[in-house]
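Have a look at the structure below, then the notes.
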Amino acid sequence: MNKTGMPEGFAFILEKVCPFTGARAGRISTPSGEIKTPVFMPVGTQGTVKAMAPFELKEIGASVILSNTYHLFLRPGREIIEAAGGLHSFMQWKGPILTDSGGFQVFSLATLNSISDEGVLCRSHLDGSLHLMNPEWSMDMQRILGSDIAMCFDQCAPYPCTREEAALAVERTTKWARRSLEAHKKEEGKGGAQALFGIVQGSVYKDLRLRSAEELLPLDFPGYAVGGLSVGEPAEEMYAMLSELKTVLPREKPRYLMGVGRPDNLVEGVALGIDMFDCVLPTRNGRNGTLLTPAGSMNIKKERYAKDFGPLVPGCDCYACRTFSRSYIRHLYRAREILASRLCSWHNLRFLVRLGEEMREAILEERFPAFLADFRSRWKGEAE
RNA sequence: GGUGGGAUGGCCGAGUGGUCAAAGGCAGCAGACUGUAAAUCUGCCGACACCGUCUACGAAGGUUCGAAUCCUUCUCCCACCA
């Protein structure tokens, strides 16, 4: 670990900051390659971005993908991942991987869990078996996975939640961040370079967000994530939290807004100083027949597209848009053909990855405010 | 020619005197999806003047306060026998 809190093989260079909005362009170096920011990271929960092969992700322009500690722990399990030589080699994705700690599953699988300071007693959603998940467990598993960026084991408060609940989650998240860091240092001795990011909690309470950040900053993580947002709160609440954190989070470290999201959330997030995003939306919605466009979502299942032989989204450079008509994709979807899921995921992923590229370009070329205004004027939430 | 079984909303298919505009499934239409228990889930799905009325369970007639359900005749389909 060098003097800036950055582990070997990991670095963040802030290339340019938009003086009007605070939008940032940068580069993250990892042992598996470079990530240009702002960046959208496709989610590959079970060691695969659903319906997409690694070479296709490369074609799409994805530079880093997400995977999940909890899911890969339950299946295939620690032993098999270790025997495979880590996740990169197991899933044949050579680029950077960020692993989520399992903290989010504590929240999303709440009915199966009981939480204490020690950790989370979690019933497997697969077979009902009982597991204790805590910072030490998470750091061990993330080391086995061999991700380039690991996340602290945190507690994500639901929305809505009371101040008291949110405060407890912050308190626990801080405790767990210390333990995560401690455990991670020990794991480092076992070889491999991995950056560990801290996660700011605090629900929609400004003071709690600030407290959470204040408590985590001394731990000097090489990157900071904002968690516990996009869990059902109005977008304005999310933006309010981000603007609160904008000046508090260290300028020279990457900032990651977890679980976001929609194109408008990405753009507003970048305008509020965020560098990294991940979301299941492009793949999940893609599998469910919803496509992203500059104006908003469009549902390819609609009857109105039955005889629409134009491209999915005019002007899009993705394989699906370059090749197939709306009518054809609608047909595939209705016929429940697996190619529909693939092509819609393909488009949505490309759309968000490109959005990151476009924002980066705009920031570097010092025209982000115009980009922002243009995006807002086009965005309606729904296409046509 | 005889005997038995059957005909239910776009399709398949429950229902055998009232609580039936009629289960369930499919198809259709619409909506949702934000660190993935999701190729998932939800709603609508006879007509209209839509908190009500009308038309409906092969057709026509009958029994009954009341029928998709019981009776009669007819039409068509299936099986077996001749």
Side-chain angles (χ1 to χ4, degrees), chain A residues 40-52 64-72 74-75 97-113 122-128 138 142 147 149-157 159 173 197-201 225-235 237-238 256-266 268-269 274 276-292 297-306 330 332-345 348 352 381-382:
Chain A
F40 176 78
M41 309 183 281
V43 177
T45 304
Q46 308 209 61
T48 166
V49 175
K50 291 186 195 292
M52 293 284 121
V64 47
I65 63 166
L66 211 77
S67 201
N68 190 282
T69 303
Y70 166 86
H71 291 277
L72 294 174
L74 291 184
R75 185 170 54 195
I97 297 177
L98 183 152
T99 42
D100 190 23
S101 62
F104 188 73
Q105 276 62 46
V106 176
F107 155 78
S108 66
L109 302 171
T111 53
L112 302 171
N113 300 331
C122 180
R123 237 171 235 298
S124 160
H125 69 282
L126 297 176
D127 62 8
S138 182
Q142 292 190 73
S147 51
I149 301 172
M151 300 304 298
C152 280
F153 191 74
D154 65 329
Q155 185 180 344
C156 178
Y159 180 88
T173 293
F197 280 21
I199 305 175
V200 173
Q201 288 292 342
V226 182
L229 291 176
S230 64
V231 291
E233 80 285 356
E237 300 251 41
M238 174 164 80
Y256 163 29
L257 178 56
M258 306 184 80
V260 173
R262 268 173 17 201
D264 55 326
N265 297 155
L266 252 66
E268 300 299 336
I274 299 297
M276 307 160 74
F277 304 86
D278 80 280
C279 193
V280 305
L281 185 139
T283 43
R284 178 184 286 171
N285 286 17
R287 289 194 307 282
N288 293 334
T290 304
L291 296 160
L292 299 172
S297 299
M298 101 176 221
N299 194 331
I300 197 63
K301 293 180 266 187
K302 281 178 188 277
E303 192 171 23
R304 58 199 286 198
Y305 302 123
R330 174 174 188 269
L332 290 182
Y333 189 86
R334 284 153 49 89
R336 309 207 163 178
E337 282 295 337
I338 201 163
L339 185 58
S341 292
R342 281 175 38 69
L343 293 174
C344 292
S345 297
N348 285 344
L352 290 185
E382 205 174 327

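Computed from a prediction, not measured in an experiment: that's the story for all the values here. Residue numbers start from 1 in every chain, and the chains themselves are labelled A, B, ... in the order their sequence lines are given, proteins ahead of strands.
Looking only at distances, a side-chain donor or acceptor of A/Lys301 sits under 3.5 Å from a matching main-chain atom of A/Asn288. Looking at A/Asp278, its side chain does come within 3.5 Å of a backbone N or O of A/Gly259 through a donor-acceptor pair.
Side chain A/Ser297 to base B/C33: no donor-acceptor pair is found below 3.5 Å.
Listed by chain and residue number, nothing satisfies the ring pair (Phe, Tyr, Trp, His ring centres under 6.0 Å) test with A/Tyr333 (two or more places apart in sequence, or in another chain). Applying the ring pair (Phe, Tyr, Trp, His ring centres under 6.0 Å) test to A/Tyr70 and every residue at least two apart in sequence or in another chain returns A/His125. Residues that satisfy the side chain to side chain contact (heavy atoms under 4.5 Å, CB included) test with A/Cys279, not counting sequence neighbours, are A/Phe40, A/Leu281, A/Pro282. A/Leu332 is linked by a side chain to side chain contact (heavy atoms under 4.5 Å, CB included) to A/Tyr328, A/Glu337, A/Leu339, A/Ala340, A/Leu343, counting only residues two or more places apart in sequence or in another chain. With sequence neighbours excluded, the residues satisfying side chain to side chain contact (heavy atoms under 4.5 Å, CB included) with A/Ser341 are A/Arg287.
Straight-line distance from the CZ atom of A/Arg262 to the C1' atom of B/C33: 11 Å, rounded to whole Å. Remark: P of B/A32 and NZ of A/Lys302 are 8 Å apart, rounded to the nearest angstrom. Between A/Glu303 atom CD and B/G28 atom C1' there is a gap of 8 Å when expressed in whole angstrom units. One interatomic measurement links the two molecules: CE of A/Met238 to P of B/U34, which rounds to 12 Å at whole-angstrom precision.
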**Message:** Generate the contact string for nucleotides 35-44 of chain B. Rules: B means base contact, S means sugar-phosphate contact only, - means no protein heavy atom under 4.0 Å.
**Reply:** BBBBBB----
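Shown here, B/A59 forms a base pair with B/U73; the pair counts as Watson-Crick or G-U wobble because both key distances fall under 3.5 Å. Searching all strands for a Watson-Crick or G-U wobble partner of B/A30 with both distances below 3.5 Å returns B/U42. Of the nucleotides present, none pairs with B/A68 by Watson-Crick or G-U wobble criteria with both distances under 3.5 Å. Pairing for B/U3 is with B/A79, a Watson-Crick or G-U wobble pair whose two hydrogen-bonding atom distances lie under 3.5 Å. When both distances must be under 3.5 Å, the Watson-Crick or G-U wobble mate of B/A47 is B/U53.
Nucleotides B/A38 and B/C57 are separated by 46 Å at their P atoms, to the nearest Å. Nucleotides B/A37 and B/C33 are separated by 15 Å at their C1' atoms, to the nearest Å. Spacing between B/U64 and B/C80 at atom P, rounded to whole Å, works out to 42 Å. With C1' as the reference atom, B/C26 and B/G13 are 10 Å apart, rounded to whole Å. A gap of 16 Å separates the P atoms of B/G52 and B/C45, to the nearest Å. Taking atom C1' on both nucleotides, B/G17 is separated from B/A49 by 33 Å, rounded to a whole Å. Between the C1' atoms of B/C78 and B/G28, the separation comes to 31 Å (whole Å). B/C41 and B/C48 have their P atoms separated by 31 Å, given to the nearest Å.
Residues A/Ser230 and A/Asn265 fail the side-chain proximity criterion, which asks for heavy atoms closer than 4.5 Å.
In this structure, A/Ser124 reaches neither bases nor backbone, as no heavy-atom distance under 4.0 Å exists between it and the strands shown. Heavy atoms of A/Arg123 sit nowhere under 4.0 angstrom from any nucleic acid atom.
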